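The sequence lines fix the lettering, A, B, ..., with proteins before strands; numbering per chain opens at 1. As the structure is a computational prediction, the values presented were derived from the model and not from experiment.
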Amino acid sequence: MTATPDSLSRPRTARRVARTAQRAEQAKTRLSSPWATAISIAVAILWTVPTFGLLLSSFRPEQQIKTTGWWTFFSDPQLTLKNYTEVLFGGSTQLSTFFVNSIVITIPSVVIPITLALLAAYAFAWIDFRGRDFLFVAVFALQIVPIQVTLIPLLQTYVDLSLAGSYWTVWLSHSIFALPLAIFLLHNFMKDIPRSLVEAARVDGAGHVQIFFRVLLPLLVPAIAAFGIFQFLWVWNDLLVALTFAGGTQNVAPLTVRIAELSGTRGTAWHLLSAGAFVAMIVPLLVFLSLQRYFVRGLLAGSVKG
Amino acid sequence: MANRLACRGITATVGVAVLTLGAVACGGTGSTTADQAANVDCKPYKKYGDLSGKQITVYTSIVAPEDQPHINSYKPFEQCTGAKVVYEGSKEFEAQVVVRAKSGNAPDIAYVPQPGLLQTLVRDTKAVKPASKGVVDNVDKYFGKDWKSYGTVDGAFYAAPIGANVKSFVWYSPKQFAKKGYQVPQTWDDMIALSDQIVKDGGKPWCAGIGSGEATGWPATDWMEDVMLRMYGPDVYNQWVTHKIPFNDPKVAAVLAKVGSILKNPDYVNGGLGDVTSVASTTFQDAGLPILDGTCFLHRQASFYQANWPEGTKVGKDGDVYAFYLPPINKKFGKPVLGGGEFAVAFSDRPEVVAFQEFLSSPEWANLKAKEGNWISANTGLDIANVDTPVNKLSVQLLQDPNAVFRFDGSDLMPGEVGAGSFWTEMTNWIANNKPDKQVLNAIERSWPK
């Protein structure tokens, strides 16, 4: 009796394993065939060409940008740094001011939602309380609310609290918009950690605080990093929230607001845009490249398994 | 292990960010603010009283580098009254000002570039304050009646006109004209004869482009408005923009046909740029540039197009490019001038804001601002000697000409659904997809809000 399922299942499992291995092998040979390689290289080139053209454009003289395409560079090579000097030092306020503003806006806008979401996610995952599931669904459902709908009521609230025109409006808004997704992602990740681990810690006499800091936090680093990058890129590239809440006030306006206005009142200076785009791109690019591993790993861990 | 790596990764990135920031901060040079006028005559500012320590915020759609002349022009006011004017410009002004007014975060003064937006602000936000007596007196004294009417909503006067631009211009190259022996046309028929002459000489006379991002189509609406004013005069024009006559009226159809005889004539367009459909795909900024290399001879565009010529282009009667007044069709209607402008709207009645709004409507400010360059106003107190470029001088002459009949850009007066919607898109369809005149006009008529 006891032997039957075993003897039956073993060859089946073995067969299944063999088949999977075979399939993986097939996929591998298919993917690494010269054809597949050629296609992926072609796709990579195709995807890079516009960015490359943009980069080349940013170094071309104004007259050239306005009259010809970037490819004419190869028949008539002319390069200049004028666009970059204009972008960096041209405006009435230095670009560095906006750069600092962007960083001052972005860092708290990443730290605040992650801190709050970690606490909330812990509560949703490991603390039993009445209405937990309902509350969790409610928080997640808040993601459906479009940002645009909230702009005017939020701004009204800020004006009533006399926060308008300060960094707080932008920090709070970004935190509000980020929290539902942050809680969802981190909660799913926390749920994945084996219950036995948490119970073992509890048996050893650890409270919630100790479990959170000693057991869970070290395991959560990839997820936190992934969401951190996600939120960082979103806030850094954001124009709508900054424009609405920080206005165009130079004390608090981020880089994106400046870039949006680079081309001048009637869009006549659009030759500066390619240079401006690359200046704005540097920081997100660095962040993304240096944390790329966590991004892929953490995002998969958080969302797919959940 | 993994966490330690992650931590190191994060610290490294923060380090890089700080480094980049440092590099940018180090690279900055102190921007030089224009030196303040040494001795300002404070006499005209006495009436505003002492406003020391007061602050006025100004919100406009004019951004760097065009904002600096505005900021400079406030300096005498700031010096004499002691008030401080904080300038803020945004290209998203038109959407943002409504959001800010609705949520109680309105600026003190806003420069509204369209009468239609002024109506929205007055009716929907109820945050706009009526103009003070000082402003009304200035406007009565220095501006035409038509200008005052554009700042009026539902019988109440709110907004003082400030800047202006003239749209009834045709850009051309005096050098090319001299070389080929062409004359600047004085009547519409002359202009058509000239176009035919250019065609006979193997050239394409006109170049045009109506591309402008979301606003693609507006240069074509300006064509319609200019021709409407010239064929049927200012009264029919008013009926048309206020929908007293339908958009598919035979008169409007005749105007569209007239515009089509140039813009959709394959012999006439599109000099140096392509065939008729290229009118739709070329941006308005680029459309006049073929004049410089002689592949195009005529380009109808507003006075502000002078900012589009590449650096080093000489603008003037004997220069590389210049503009002539788009000639009239029917002598009966005098000299119709199509244009636009901005209006200063106050969202507060604090004394310093009232004083500043009055200052903006005064001839003192108009002259100060004109001296800063590349700016004109319909203020009759503006001294033409203070206006810089030849095209601006020409524009002021037109605006102050007693024979001239000024009309505001019609698409800015029509309801947003039409003036910033179907009128643009249908004119684009008309050119890009060769949509028949009748269908175009019917489509716009249908979109007019009931």
| message | Is any side-chain heavy atom of P113(A) closer than 4.5 Å to one of Q231(A)? | response | yes

| message | Pairing donors with acceptors under 3.5 angstrom, does anything connect the side chains of D108(B) and Q55(B)? | response | no

| Residue part contacting chain A, namely of F284(B), when any heavy atom lies under 4.5 Å | side chain

| field | Value rounded to 0.5 Å, distance of OG1 in T244(A) from CD1 in I147(A) | value | 9.5 Å

| field | Contacting moiety of N105(B), where chain A heavy atoms sit under 4.5 Å | value | both

| query | Side chain, backbone, both or neither: which part of L151(A) has an atom under 4.5 Å from a heavy atom of chain B? | reply | neither

| remark: Most contact-rich option vs chain B, by heavy-atom pairs under 4.5 angstrom, among L289(A), L220(A), L155(A), L239(A), is L155(A)

| query | With a 4.5 Å limit on heavy-atom distance, are the side chains of L217(A) and L118(A) in contact? | reply | yes

| message | Let's test your reading of the structure: which of K102(B), E311(B), K91(B) forms the most heavy-atom pairs below 4.5 Å with chain A? | response | K91(B)

| query | Between F59(A) and Y84(A), is the ring centre distance below 6.0 Å? | reply | yes

